[in-house]
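Reading through the structure tokens given below for one structure.
Model, not experiment: these values are computed from the prediction. Each chain gets a letter, A, B and so on, in the order the sequences are listed, and its residues count up from 1. Atom set for the values below is all heavy atoms of this structure, side chains included, hydrogens, waters and symmetry mates excluded.
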There are 2 protein chains.
Amino acid sequence: MKIEDELKSTVEYSKSKQIVLNIMYTVNVITERFNDIIKPYDISSEQFNVLRILRGQKGCPANMCIIQERMLAKTSNTTRLVDKLLLKDLVTRNVCPDNRRKIEVLITAKGLDLLAELDPKVQEHEEFFAKNLNNEELEQLNTLLEKYRTK
Amino acid sequence: MKIEDELKSTVEYSKSKQIVLNIMYTVNVITERFNDIIKPYDISSEQFNVLRILRGQKGCPANMCIIQERMLAKTSNTTRLVDKLLLKDLVTRNVCPDNRRKIEVLITAKGLDLLAELDPKVQEHEEFFAKNLNNEELEQLNTLLEKYRTK
DNA sequence: GTGTTACATTTGTATCAACAAATAAACATT
DNA sequence: AATGTTTATTTGTTGATACAAATGTAACAC
């Protein structure tokens, strides 16, 4: 469905405006569905994102800087995100012995269990939309997005 | 730049995960730049969005339902968004005489002036990214996004 | 070793978003 | 005309976000 119709617009947008609104709108569609998935598990999508980053570290502790640069939304407050995860025993947080300015954050077994439980649901979510495109189209979309955001 | 590199990932993602992260990341890149533009004007991007919807009404008042269904983020609180615009004299709000459950929201001359001032900057913003793609690629990207989010 | 700068993270504050519950008017039914 | 139902909007509350300023630590110059 055209973006003008999704947003019930009476006027047609320029190509470049269409793209911006189209991407923004698509994110909201994706996010809405994703939030439904993780809602029963009592974590936010950004908290989930941090957990996934920590798992990606494969046992190697991550400091705040590393988490920040791997997060989707760079403006999020990493400290308070980790605070929340700490309260739920999904991560541990310790001052780095080599450099006391740094913080070592690690995912716990409980955190890993939660991710393992979510994995199939998250995969299903990703494939729910991806199944609308064939393999070549998926490649194209990825490539176009990469090219689009070049600064 | 590949999404894995943007997010400094050590592992490669599945195609479907790439798309989700790619779209999410691209929105953040777009939004970050857009917020820089509107920041000096002391309105949020959602407030700007509501103003644009109201201008699109071409003098015809919009009620809350109409605004809501045309907004990008359907979960936003329209009442309080309009509150903020009202405080800045960018819109007017009146009870609809025909149906007192409804509210008639109109953009003011001041609101229209603000939009007129922002128009070239917003257009420049949209074209900043769009210029990375040729006309055919822009079409393709729009089409792929539409197809992708089919439910 | 003292002072300066850079780095890593936290905290304060004000604003904004999410979701459920509440209100209030219009419409339908008997 | 009283009753229940639907529609349109608002409000309460809790939690998240954004940005600036503050804190504490390390590194380096001299």
Side-chain angles (χ1 to χ4, degrees), chain A residues 24 27-29 31-51 53 61-88 91-106, chain B residues 24 27-29 31-51 53 61-88 91-106:
Chain A
M24 299 249 196
V27 159
N28 289 332
V29 172
T31 306
E32 230 167 75
R33 210 183 158 83
F34 187 74
N35 285 337
D36 287 344
I37 291 176
I38 58 170
K39 201 172 174 184
Y41 298 89
D42 196 36
I43 56 166
S44 70
S45 60
E46 275 303 330
Q47 286 172 32
F48 168 78
N49 196 217
V50 171
L51 281 185
I53 291 165
N63 57 47
M64 294 305 205
C65 279
I66 286 180
I67 296 173
Q68 179 103 20
E69 73 179 11
R70 299 188 182 185
M71 282 200 302
L72 287 161
K74 309 297 182 201
T75 54
S76 287
N77 194 319
T78 316
T79 300
R80 280 186 274 233
L81 268 174
V82 171
D83 282 349
K84 294 289 156 59
L85 294 171
L86 203 60
L87 280 174
K88 296 171 205 158
V91 302
T92 61
R93 174 167 59 185
N94 291 295
V95 173
C96 172
D98 296 337
N99 185 338
R100 293 184 40 203
R101 288 175 302 183
K102 294 190 182 182
I103 296 287
E104 294 188 337
V105 183
L106 277 168
Chain B
M24 299 253 197
V27 159
N28 289 332
V29 172
T31 306
E32 229 168 76
R33 211 183 158 84
F34 187 74
N35 286 337
D36 287 345
I37 291 175
I38 58 171
K39 201 173 174 184
Y41 297 90
D42 196 36
I43 55 167
S44 70
S45 59
E46 275 303 329
Q47 287 171 32
F48 168 79
N49 196 218
V50 170
L51 281 184
I53 289 164
N63 57 49
M64 295 303 205
C65 278
I66 287 180
I67 297 174
Q68 179 104 22
E69 72 180 8
R70 298 187 183 186
M71 283 201 301
L72 287 162
K74 309 298 182 199
T75 53
S76 286
N77 193 320
T78 317
T79 300
R80 281 186 270 235
L81 268 175
V82 172
D83 282 349
K84 293 289 156 59
L85 294 171
L86 202 61
L87 281 175
K88 296 171 205 158
V91 302
T92 61
R93 172 167 60 184
N94 291 295
V95 173
C96 171
D98 297 337
N99 186 338
R100 293 183 39 201
R101 287 174 302 183
K102 294 191 181 181
I103 297 287
E104 295 188 335
V105 184
L106 278 168

Those residues that, when tested against Asp36(A), pass side-chain hydrogen bond (donor to acceptor under 3.5 Å, both in side chains) (two or more places apart)
none

Residues in side-chain contact (heavy atoms from CB on, under 4.5 Å) contact with Lys39(B), at least two apart in sequence or another chain
none

Which nucleotide wins on minimum distance to the side chain of Gln47(A), given the candidates dT10(D), dA16(D), dT17(D)?
dA16(D)

Correct closest heavy-atom pair for Ser44(A) and Ile38(A) would be C-CD1, 3.5 Å

Treating Asn49(A) as the side-chain partner and Met71(A) as the backbone partner, does any N or O pair qualify as donor plus acceptor under 3.5 Å?
no

Under 3.5 Å, side-chain donor or acceptor atoms of residues 94-102 of chain A against the rest of the protein: list the pairs with distances, not counting sequence neighbours.
residue  : atom : partner   : partner atom : Å
Asn99(A) : OD1  : Arg101(A) : N            : 3.1
Asn99(A) : OD1  : Arg101(A) : NE           : 3.3

If you pin Asn99(A) and Arg80(B) to their nearest nucleotides in DNA chain D, which one's is more 5'?
Arg80(B)

Closer to the 5' end of DNA chain C via nearest nucleotide, is it Asn63(A) or Cys96(B)?
Asn63(A)

Considering all heavy atoms of both residues, which atom of Leu81(B) and which atom of Ser76(B) are nearest to each other, and what is their separation?
CD1-CB, 4.2 Å

So the contacted stretch of DNA chain C, first to last nucleotide with an atom under 4.0 Å from a non-hydrogen atom of chain B, runs from dC16(C) to dA26(C)

Return the residues of residues 65-78 of chain A meeting this criterion: a heavy atom under 4.0 Å from some atom of DNA chain C. Order them by number, or give none.
Cys65(A), Asn77(A)

Is the side chain of Lys88(B) donor-acceptor paired with the backbone N or O of Ile43(B) at a distance under 3.5 Å, no angle test?
no

Do Arg93(A) and Asp83(A) touch side chain to side chain, with heavy atoms closer than 4.5 Å?
yes

On DNA chain D, compare the nucleotides closest to Pro97(A) and Arg93(B); which residue's is nearer the 5' end?
Arg93(B)

Contact residues, residues 32-40 of chain B to DNA chain C [heavy atom, < 4.0 Å]:
none

Just how far, in rounded Å, is C1' of dT17(D) from CG of Asn28(B)?
12 Å

With no angle test and no hydrogens, is the base of dT7(D) tied to the side chain of Arg101(B) by a donor-acceptor pair under 3.5 Å?
yes

Taking Gln68(B) for the side chain and Lys74(B) for the main chain, is one N or O donor matched with an acceptor at less than 3.5 Å?
yes

In this structure, NZ of Lys84(B) is separated from CG of Asn77(B) (nearest 0.5 Å) by 9.5 Å

Does some side-chain heavy atom of Tyr41(A) sit less than 4.5 Å from a side-chain heavy atom of Phe48(A)?
no

Nearest-Å distance, CG (Asp83(A)) to P (dA16(D))?
11 Å

